A.B. asks: 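Encoded as structure tokens, here's the structure I'll be asking about.
So you know, we letter chains A, B, ... as the sequences are listed, proteins then strands, and number each from 1. From a predicted model like this one, the values you see are computed outputs, not experimental measurements.
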2 protein chains.
Amino acid sequence: MPYSKQHKQQTREKILHSAFNLFTAKGFDGVTVNQLMQSCKLTRGAFYAHFTSKADLYSEVIKHSASSSKLAELKPDDVTDKQWLGELLDGYLSIEHVNGTTPCPLAFLATDIVTRDIGARLAYANAYQGMNQAVINFANSYTECDPRQVLALTAMIIGAVAIARTMDDQQAIISLLNACRSEAGLKLGGI
Amino acid sequence: MPYSKQHKQQTREKILHSAFNLFTAKGFDGVTVNQLMQSCKLTRGAFYAHFTSKADLYSEVIKHSASSSKLAELKPDDVTDKQWLGELLDGYLSIEHVNGTTPCPLAFLATDIVTRDIGARLAYANAYQGMNQAVINFANSYTECDPRQVLALTAMIIGAVAIARTMDDQQAIISLLNACRSEAGLKLGGI
DNA sequence: AATAAGATATGATAAAGGTCATATTAAAAT
DNA sequence: ATTTTAATATGACCTTTATCATATCTTATT
């Protein structure tokens, strides 16, 4: 048998990883299969040994992104839920996030996802629910937290990052992110 | 001279109008010049008598949308600024809006705009500033209003509509819209 | 080293779509 | 009615791109 057992799996992961970065940066239509595979140092022909179609890949990428998100990271033991939530917010509402290091698909693909197939939309919905639930869980550990307020909060931070990405004025981006960070802190019991 | 003086202008408006609906529904790449012109009962050849390119049209559409937005409508005299702002929020955070009657490009094109040329992005930035300023103006007429809070507010409602459009669960959409409507009301002095 | 199974590369295909050159048509002015 | 000018339609071109069939290469196992 050729290639080590995990070889294909590794290639698949590499494709998913590259695809995640490319799709979040340029949207579904802004990425070609060729581009994607070249960014993996492969050629387009190999793609179809891993995914049945580009649309299929898109769903898989969004599903996969959940496991590689910051929310999936373990909270260090010496950090309280409250502190951790604050750090997550700091990262989410940061210039680095807007610039595309560890992009959140919820913000980066919000309007892109609307016209995709049901698989992609379901994966997106899942990720969205995951984010809301995570915030609720962290917040509930130290304060009374209304799930309805969390919906408003996540809409705000997702919206903020999505809008920030459209802007060229760095100062305006910072203002927007800071404004939302303050609001979020207030809503979550002063963090 | 053929055709009445305003004929071309009218056709141009028709194209802009159709393009606005199509682009907000399907994104830039989701619309073909052919589709667009057919929806105007014209053929693609005529397009280039009105716009130099599809990308050019996109900028023009976003610029044009400002003048046809609800914000551009005159506020009736028998309605206070406070009431009017409340009605604008009601409309913005409504199922009808999410379904695409009178779509707001800020929410419908948020991630689509990121990869477009500078003209489109500037037009978007303009519209965004217009929305923030409008909220500030209306709110200031009856309450003290922190511009930073307005940034958080518009991020929230734009985000809410963008996210709502990705969802299939109608009940979840309603919950999201209602949650944001409540929050917005609180932030704007109880409306 | 040889083999075989499977991963990757190559070349081809077909469809889609933006754009333009050219033809046609509509209607205002004479 | 004819003319003229600009708007619209038609046909073509060329590029891009997803996908697939087939060829080639890799490497674990023998």
Side-chain angles (χ1 to χ4, degrees), chain A residues 1-23 25-62 109 112-113 115-120, chain B residues 1-23 25-62 109 112-113 115-120:
Chain A
M1 287 136 228
Y3 293 92
S4 77
K5 222 179 173 184
Q6 317 105 15
H7 186 162
K8 187 169 185 180
Q9 177 63 20
Q10 283 175 352
T11 300
R12 185 188 157 91
E13 296 276 340
K14 192 169 15 167
I15 296 173
L16 285 169
H17 186 258
S18 278
F20 178 71
N21 287 323
L22 286 169
F23 281 143
K26 304 156 76 124
F28 182 78
D29 290 319
V31 179
T32 71
V33 174
N34 205 27
Q35 270 184 305
L36 165 65
M37 294 305 278
Q38 282 186 346
S39 84
C40 299
K41 308 239 174 90
L42 295 168
T43 59
R44 74 199 174 288
F47 175 78
Y48 295 91
H50 296 274
F51 302 93
T52 65
S53 69
K54 191 185 165 190
D56 172 40
L57 169 68
Y58 199 66
S59 309
E60 294 300 318
V61 162
I62 296 168
L109 299 177
D112 195 77
I113 212 77
T115 50
R116 306 303 156 203
D117 63 30
I118 185 69
Chain B
M1 287 134 229
Y3 293 93
S4 76
K5 224 178 173 186
Q6 317 105 15
H7 186 161
K8 186 169 187 180
Q9 178 63 18
Q10 284 175 352
T11 301
R12 183 188 159 92
E13 297 276 340
K14 194 175 2 171
I15 296 173
L16 284 170
H17 186 258
S18 279
F20 179 71
N21 287 323
L22 286 169
F23 282 142
K26 303 156 77 123
F28 182 78
D29 290 320
V31 179
T32 71
V33 174
N34 205 27
Q35 270 183 306
L36 166 65
M37 294 304 279
Q38 281 184 346
S39 85
C40 299
K41 309 237 174 91
L42 294 168
T43 58
R44 71 196 177 293
F47 176 77
Y48 294 90
H50 296 276
F51 302 93
T52 64
S53 69
K54 191 185 167 193
D56 172 41
L57 169 67
Y58 199 65
S59 308
E60 294 300 318
V61 163
I62 296 170
L109 299 177
D112 195 77
I113 213 76
T115 50
R116 306 303 156 205
D117 64 29
I118 186 68

A.B. asks: With the threshold set at under 4.0 Å for non-hydrogen atoms, list the residues of residues 44-54 of chain A touching DNA chain D in residue-number order.
C.D. replies: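 Heavy-atom contacts with DNA chain D come from A:Arg44, A:Tyr48, A:Ser53, A:Lys54.
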
A.B. asks: From CG of B:Asp29 over to P of C:dA16, roughly how many Å is that when rounded to an integer?
C.D. replies: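 For the pair B:Asp29 CG and C:dA16 P, the rounded distance is 16 Å.
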
A.B. asks: Whole angstroms only, please: what is the CE-P distance between B:Met37 and C:dG17?
C.D. replies: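 Between P of C:dG17 and CE of B:Met37: 16 Å.
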
A.B. asks: Could you state the atom-to-atom distance from NZ of A:Lys41 to C1' of D:dT26 in whole Å?
C.D. replies: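 The distance from NZ of A:Lys41 to C1' of D:dT26 comes to 18 Å, rounded to the nearest Å.
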
A.B. asks: Specify the separation, in whole Å, of atom CZ of A:Phe28 and atom P of D:dT17.
C.D. replies: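 Rounded to whole Å, this separation is 13 Å.
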
A.B. asks: Looking only at heavy atoms, which two atoms of B:Ile62 and B:Ala120 are closest? And how far apart?
C.D. replies: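 What the structure gives for the nearest pair is CD1-O, 4.1 Å.
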
A.B. asks: Within this structure, what is the CG-to-P distance between B:Asn34 and C:dG17, rounded to whole angstrom?
C.D. replies: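 Distance, rounded to whole Å: 8 Å.
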
A.B. asks: Of all the nucleotides listed (C:dT19, D:dA18, D:dA28), which has the minimum atom distance to the side chain of A:Val33?
C.D. replies: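 Out of C:dT19, D:dA18, D:dA28, the nucleotide with an atom closest to A:Val33's side chain is D:dA18.
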
A.B. asks: Given the rule in the side-chain contact (heavy atoms from CB on, under 4.5 Å) test, do A:Leu36 and A:Leu42 qualify, once you have shown the distances and angles that lead to the verdict?
C.D. replies: CA-CA 9 Å; A:Leu36 165 65; A:Leu42 295 168; over 6 Å; no

A.B. asks: Classify the ring geometry between A:Phe23 and A:Phe28 as parallel (under 30°), tilted (30 to 60°) or perpendicular (over 60°).
C.D. replies: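 Ring orientation of A:Phe23 relative to A:Phe28: parallel.
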
A.B. asks: Send over the distance from A:Gln6 CD to C:dA7 C1', rounded to a whole Å.
C.D. replies: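 The distance from CD of A:Gln6 to C1' of C:dA7 comes to 15 Å, rounded to the nearest Å.
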
A.B. asks: As a quick check of understanding, evaluate salt bridge (Lys or Arg N to Asp or Glu O under 4.0 Å) for A:Asp112 and A:Lys26, giving each step before the final call.
C.D. replies: CA-CA 10 Å; A:Asp112 195 77; A:Lys26 304 156 76 124; over 6 Å; no

A.B. asks: Identify the two heavy atoms, one from B:Ala55 and one from B:Asp117, that lie closest to each other, and give their separation to 0.1 Å.
C.D. replies: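 That would be CB-OD2, 3.8 Å.
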
A.B. asks: Name the nucleic acid region contacted by A:Thr43, choosing base, sugar-phosphate or nothing; use a 4.0 angstrom heavy-atom cut-off, strictly under.
C.D. replies: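 Base contact - A:Thr43 has a heavy atom under 4.0 Å of at least one base atom.
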
A.B. asks: Would A:Ile15 and A:Val61 count as a side-chain contact (heavy atoms from CB on, under 4.5 Å) if you check the C-alpha gap in whole Å, the side-chain angles of each, and the deciding distance to 0.1 Å?
C.D. replies: CA-CA 9 Å; A:Ile15 296 173; A:Val61 162; over 6 Å; no

A.B. asks: Please evaluate residues B:Thr11 and B:Cys40 with respect to the criterion side-chain contact (heavy atoms from CB on, under 4.5 Å), reporting the C-alpha separation (whole Å), side-chain torsions for both, the decisive distance (0.1 Å), and the verdict.
C.D. replies: CA-CA 8 Å; B:Thr11 301; B:Cys40 299; over 6 Å; no

A.B. asks: Does anything in residues 7-20 of chain A come within less than 4.0 Å of DNA chain C? Heavy atoms only, and list the residues if so.
C.D. replies: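 Heavy-atom contacts with DNA chain C come from A:His7, A:Lys8, A:Thr11.
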
A.B. asks: Answer yes or no: is there a donor N or O on one side and an acceptor on the other, between the side chain of A:Lys14 and the main chain of A:Lys41, under 3.5 Å?
C.D. replies: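 No, the answer is negative, given that no donor and acceptor are paired below the 3.5 Å cut-off.
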
A.B. asks: Say whether, by atom type as modelled, one donor and one acceptor occur between the side chain of B:Lys8 and the main chain of B:Ala49 under 3.5 angstrom.
C.D. replies: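 Flag set: sc B:Lys8 to bb B:Ala49 pair under 3.5 Å.
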
A.B. asks: Between P on C:dT8 and CG on A:Leu36, what's the gap in Å once rounded to a whole number?
C.D. replies: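 In whole Å, C:dT8 P lies 13 Å from A:Leu36 CG.
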
